[in-house]
Structure formats: structure tokens, C-alpha cells
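A short worksheet on the structure shown next.
Positions are given from 1 along the sequence. Start at 1 and go down the list; that is how both ligands and their atoms are numbered.
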Amino acid sequence: MRLQLASGKQVVADKALYSVGRRGATDDLDLPAAGLAADARGRLHVNEHYQTDVSHIYAVGDVIGFPSLASTSMEQGRLASCHAFGITTNSFPELFPYGIYTSLECRWWDAPKSS
Ligand SMILES: Cc1cc2nc3c(=O)[nH]c(=O)nc-3n(C[C@H](O)[C@H](O)[C@H](O)COP(=O)(O)OP(=O)(O)OC[C@H]3O[C@@H](n4cnc5c(N)ncnc54)[C@H](O)[C@@H]3O)c2cc1C
């Protein structure tokens, strides 16, 4: 198989795995109507309280980018909610826990059987 990349580079390989990464699902939200704009990957900019550039609109989770983990997204949501309702709370910890929940789903079907 010969792959032609957008850069013009050609890759010759037996198999290819194409991974596009994650992007915010903001295309259909009509962000300009709310006074907002997403970056090239559909992400929203927020400040340390998870307020977007329109201060009464908050954003948390994958749509704001790194670290894009389940546990951190949930904590961001809690902190944003507390800020929105004027509830005093701790800030985001410098170190955060994370767990890997996914089981391996990519298999090499035609790998030779070991003897
Ligand atoms: C393959 C994979 C494996 C991962 N493994 C791990 C892991 O092991 N550990 C870990 O911590 N994190 C993992 N993550 C990351 C984790 O899943 C995300 O960081 C987390 O789910 C982000 O939460 P979220 O609420 O921001 O977004 P999501 O969980 O994606 O929730 C967004 C929700 O909004 C809905 N939605 C979108 N657009 C609209 C709209 N216009 N109107 C209404 N609803 C809308 C979507 O349907 C969705 O239900 C993994 C992610 C992927 C893709």
C-alpha cells in the first residue's frame, strides 16, 4: 500500500492506522451568536474559573483541551458549577489522578501464531 500525505510525503507500508485525535464538537453550536469562537480544533478558550470569553458561559472537559481525561473533566465541571453559583471551593490540584479505563481493542488479526 502506498499512502500520499497532505505534505506530499509518501509512505509505503503493509497496513495503516489513521488517528485524527480529538476535537471539540462545536461546529453546530452557532458560537458567533453567543459571542464565542472556537480554535482550529473546535476548542474553547477558558480562564482559571472555566469561564469562556463570555463570562456567564462556562466550558469544561475535552472541549477546552488538555488534559482531556474523564476524572479531570468531571472536576472541572464541579469547579465551574461552584464558581457560577458563588460557592467557595478549592482550586484544581496541581497533581491530578487519572485512570485508564479502556480495554485494548486494536488487534493484529493475521499475526502469525506462536508455536
Ligand atoms: C477512545 C477513548 C479512550 C479514553 N480513555 C480514557 C481513559 O482511560 N481514562 C480517562 O480518564 N479518559 C479517557 N478518555 C477521555 C474521556 O473519555 C474524556 O476526557 C471525557 O469523556 C470528556 O468528558 P466530556 O464531558 O468533556 O465529553 P464527552 O464525554 O464526550 O461528553 C460530551 C457529551 O456532549 C454531547 N454533545 C455533543 N454535542 C452536543 C450538542 N450540540 N448538544 C447536546 N449534546 C451534545 C455528546 O453526545 C456527549 O454525550 C478516553 C477517550 C477516548 C475517545
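- Heavy-atom separations between Ile100 and ligand 1 include at least one value shorter than 4.0 Å.
- Taking only non-hydrogen atoms, the option from Pro67, Ala70, Ser73, Gly77 nearest to atom 11 (O) of ligand 1 is Ala70.
- The ligand atoms of ligand 1 that sit less than 4.0 angstrom from a heavy atom of Gly61 are 26 (O).
- Side-chain atoms of Asp53 and Leu44, non-hydrogen and from C-beta on, never get closer than 4.5 Å to each other.
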* To do: Please lay out, stage by stage, how Gln76 and Tyr58 fare under the test side chain to side chain contact (heavy atoms under 4.5 Å, CB included).
  => CA-CA 10 Å; Gln76 290 166 355; Tyr58 291 73; over 6 Å; no
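- Remark: distances from the non-hydrogen atoms of Met74 to ligand 1 are all 4.0 Å or more.
- Side-chain contact between Val46 and Gln51: absent, with no pair of heavy atoms (C-beta onward) separated by less than 4.5 Å.
- If you number the atoms of ligand 1 from 1 as listed, the ones under 4.0 Å from a heavy atom of Arg22 come out as 15 (C), 18 (C), 19 (O).
- Of all non-hydrogen atoms in Ala80 and Tyr50, the two that sit nearest each other are CB-CB, 3.9 Å.
- Proximity to Gly99 (heavy-atom distance under 4.0 Å) selects the following atoms of ligand 1: 7 (C), 8 (O), 9 (N), 10 (C), 11 (O).
- In this structure, Leu29 has a heavy atom closer than 4.0 Å to ligand 1.
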* To do: Could you go through the side chain to side chain contact (heavy atoms under 4.5 Å, CB included) check for Arg22 and Asp62 one step at a time?
  => CA-CA 8 Å; Arg22 271 177 274 172; Asp62 285 6; 3.0 Å; yes
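- Atoms NE2 and SG, from His49 and Cys82 in turn, are 12.0 Å apart once rounded to the nearest 0.5 Å.
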